[in-house]
Visitor: 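My questions will all concern the structure given below.
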Number of protein chains: 4
Amino acid sequence: MTTDPRVQRTQQRLRQALAELVLQQGYESISIRELAAQAGVGYATFFRHYPSKDALLLDLLQRSIQEMARLLPPGLDADPAEEGRLIFVHAAQHQQLYRILLSGGGALALLEEVQAAAVAEVMRRFGRQTAPAIPLEILAHHLVAATIALIGWWLQHDQPYPPPRMGQIYAELIMRPFLALVGQERG
Amino acid sequence: MTTDPRVQRTQQRLRQALAELVLQQGYESISIRELAAQAGVGYATFFRHYPSKDALLLDLLQRSIQEMARLLPPGLDADPAEEGRLIFVHAAQHQQLYRILLSGGGALALLEEVQAAAVAEVMRRFGRQTAPAIPLEILAHHLVAATIALIGWWLQHDQPYPPPRMGQIYAELIMRPFLALVGQERG
Amino acid sequence: MTTDPRVQRTQQRLRQALAELVLQQGYESISIRELAAQAGVGYATFFRHYPSKDALLLDLLQRSIQEMARLLPPGLDADPAEEGRLIFVHAAQHQQLYRILLSGGGALALLEEVQAAAVAEVMRRFGRQTAPAIPLEILAHHLVAATIALIGWWLQHDQPYPPPRMGQIYAELIMRPFLALVGQERG
Amino acid sequence: MTTDPRVQRTQQRLRQALAELVLQQGYESISIRELAAQAGVGYATFFRHYPSKDALLLDLLQRSIQEMARLLPPGLDADPAEEGRLIFVHAAQHQQLYRILLSGGGALALLEEVQAAAVAEVMRRFGRQTAPAIPLEILAHHLVAATIALIGWWLQHDQPYPPPRMGQIYAELIMRPFLALVGQERG
DNA sequence: TCCTAAGCGAGACGGTACGTCTTGTCTTCCA
DNA sequence: TGGAAGACAAGACGTACCGTCTCGCTTAGGA
């Protein structure tokens, strides 16, 4: 592991520059020359740290996700509406990150990774229950996909409802049907 | 409107070439030179017919969707499970098209268009009912997004269940909660 | 063979640009970007016509040499001093070409080619005579190398003597000893 | 003045590495990174000792020439054929050095320097004589250039004749005509 | 004998040239 | 005369090299 402070500083600058440029002009249209200039870094230096623009984006998002995971309060599942409220508060706070993830650009692979991890977590949490009428894998995938879609809709429409309201909607629209089906035995 | 058969032939060749190359190597990595070569057409000729690669893809997909719409039987909404079955039969039959649409490549804008049209249709169909506890726009968006996600999951996992089973799942997992919430008045 | 006038025009521009830049800053320090800019031509276009800077120089010099050969009057060998005068008149007229050839840059391989051709010509012309005391190959090589060296000295010193005087010197210093040794039988 | 043995050792290693690499792959294609690696020396260390690759070559060749000058017996001019023989014996012994000098690479400037020194020496030695019919500068330059060309020819053709024979050729082909012209008064 | 100054390996960095690729326009040629 | 072929400008890409620099470690050679 590198401890050279120059390396840390350069990579930090590149991540920062990417975050700034993504907000200004989207992801695809950014050229590496532009990125390096924005970061105040030599063009060739970019390639000493990242093999491609996607790799830099991946690094940026992974670090954000790790930070996000550290900030997410545990034990969310007691009250679905409260859990939902926290999710939307978080989405509003990390809007930039969510937008990049959901914009379908170079981060698509990462989104799928995150999604798969979430599905696995859901399956782990509800796997002990009696076998449901619908395969658990489908239930979990549906829960995660519907939640992501709801967050995406909310951000793309500029948060038309406050987080508490979105939490209620999440609870009734997504969680309640999910819990009903998870608890149901196969007839 | 052009009636020159050469023009029709050239555009047909380009669409065919795109369909073939997308399956081989995905959408992004195809260059226009490659496309023209595969179609047996001059490089500059491409630009006489389409302003960009995306425009060609749009044309290809729109024609497929129109064809699909012609084949879709009307009056699907009597029985949710039967409606679901027909959806998955259709997805299996037009697998290639669905895969391109759902792969998140250049077709993303088109997918959003299709999705918006579906949302509008759902809202039109259920808009007359009494105001639901959850905004109709959210309900409709959720219905469409969840259906698309379920189709995507099914195709990416190589159709692990037959269409009738998927129709049942669709009915219980998506349609039944949706209908329950649509019919519910705001308390 | 290409007949497209654009191709001819582009190559002509590149040769012209190289000739101009060589005089200004020598050969080695010219970059291909500079060359293309001087020629008023796109950077990548250079590579469509020449694989390298050396190839362009080779083309430029070969064309000049061909033109020179067309202009060289035949039957020079009657009077050595007159032959020498014509050589130096020619060198003065094609000074730029000679300077590039003799500057020892990328044209070195071409100079060796020209030199070898001249040696072969000399051997062909004097080969019929009786075997000399010194191997003919050495005599011919010496004749050519000494002539080239004399031209080089004259140009690098800014032509301190007029061509008729150089012709006399050439006759006495180079040709006379050469003819004496060529005619001499091995003792 | 540096007396640190490490400095001497590093420079010796760099010269040795250059000599080895030149034989393997020529001069131009050697990169400084390669050189440093071959010498077992850090990359930046190269620049602490030489400002460029050419400077290192210059140092290497100058040291060799000095060594050569120490070994050259004085008073060569008594017998032209014997003088010539010694020259070719020396060329054979220091073949590598001569090849680099004559290959027209980065050593070209040095070759010109050596050549100029030799011309000056010749002029000094024969300057006292009565003014010749041909300017002494031209005579001296011719003598030196022809001798160098003869050595070059001999080495490039893998020494097809033994040094004594080359000494005779040198005497008859180069020295005898030179002496005849130097002694000649202007008519 | 110890300590200070220097040589040194390691390698990050800015800068620049390279040769390849792609896009969209524009010109030439041919059927 | 209209479409096919492909030359062209523009510019991004990823690689290589150069020369500078900064960091610690190690080693001289004087105090």
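Reminder, nothing fancy here: chain letters follow the sequence lines and each chain counts from 1.
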Visitor: When you match A:R13 and B:K53 each to their closest nucleotide on DNA chain E, which lands nearer the 5' end?
Guide: A:R13
Visitor: Measure from the side-chain heavy atoms of A:F47 and tell me the nearest of E:dG19, F:dG19, F:dT15.
Guide: F:dT15
Visitor: Check the distance between E:dT23's C1' and B:L35's CG and give it to me in whole angstrom.
Guide: 13 Å
Visitor: Who passes salt bridge (charged side-chain N to carboxylate O under 4.0 Å, His left out) against C:R63, sequence neighbours left out?
Guide: C:D59
Visitor: I need the OH-C1' distance between A:Y43 and F:dA16, as an integer number of Å.
Guide: 13 Å
Visitor: What's the closest nucleotide to the C:T45 side chain, out of E:dG19, E:dT22, F:dA9?
Guide: F:dA9
Visitor: Between A:R15 and A:Q12, does any side-chain donor sit less than 3.5 Å from a side-chain acceptor?
Guide: yes
Visitor: Base contacts versus sugar-phosphate-only contacts with protein, heavy atoms under 4.0 Å: please encode nucleotides 22-31 of chain F as B, S and - from 5' to 3'.
Guide: B----BSS--
Visitor: If you round to the nearest 0.5 Å, how far is CG of C:L108 from OH of C:Y27?
Guide: 11.5 Å
Visitor: Expressed as a whole number of angstroms, how long is the span from A:L14:CG to E:dG14:C1'?
Guide: 13 Å
Visitor: In whole angstroms, how far is the P atom of E:dC21 from the CD1 atom of B:I30?
Guide: 18 Å
Visitor: Has D:H49 got a side-chain N or O lying under 4.0 Å from the OP1 or OP2 atom of E:dC8?
Guide: yes
Visitor: Taking the nucleotide of DNA chain F with the nearest heavy atom to each, does A:R33 or B:G40 sit closer to the 5' end?
Guide: B:G40
Visitor: Given side chains that start at C-beta, do those of B:E113 and B:Q62 come closer than 4.5 Å, heavy atoms only?
Guide: yes
Visitor: Pairs under 3.5 angstrom only: tabulate donor-acceptor contacts from the side chains of residues 39-48 of chain A to other protein residues two or more places apart or in another chain.
Guide:
from, atom 1, to, atom 2, distance (Å)
A:T45, OG1, A:R48, NH1, 3.1

Visitor: Strictly by modelled atom types, are C:E34 and C:Q25 linked by a side-chain donor-acceptor pair under 3.5 Å?
Guide: yes
Visitor: Distance check needed: F:dT15 P versus A:Y50 OH, whole Å only.
Guide: 17 Å
Visitor: Which residue, B:L35, B:I100, B:L61, forms the side chain to side chain contact (heavy atoms under 4.5 Å, CB included) with B:L18?
Guide: B:L35
Visitor: What is the separation between atom CD on B:Q11 and atom P on F:dG3, rounded to the nearest whole Å?
Guide: 12 Å
Visitor: In terms of the nearest nucleotide of DNA chain F, which residue is placed more toward the 5' end: D:F46 or C:T10?
Guide: C:T10
Visitor: Between P on E:dC21 and CD on B:E34, what's the gap in Å once rounded to a whole number?
Guide: 12 Å
Visitor: Whole angstrom is fine here: how far is it from CD in C:Q12 over to P in F:dA7?
Guide: 19 Å
Visitor: Between F:dG19, E:dT22, E:dC18, which nucleotide has the shortest distance from any of its atoms to the side chain of C:S31?
Guide: E:dC18
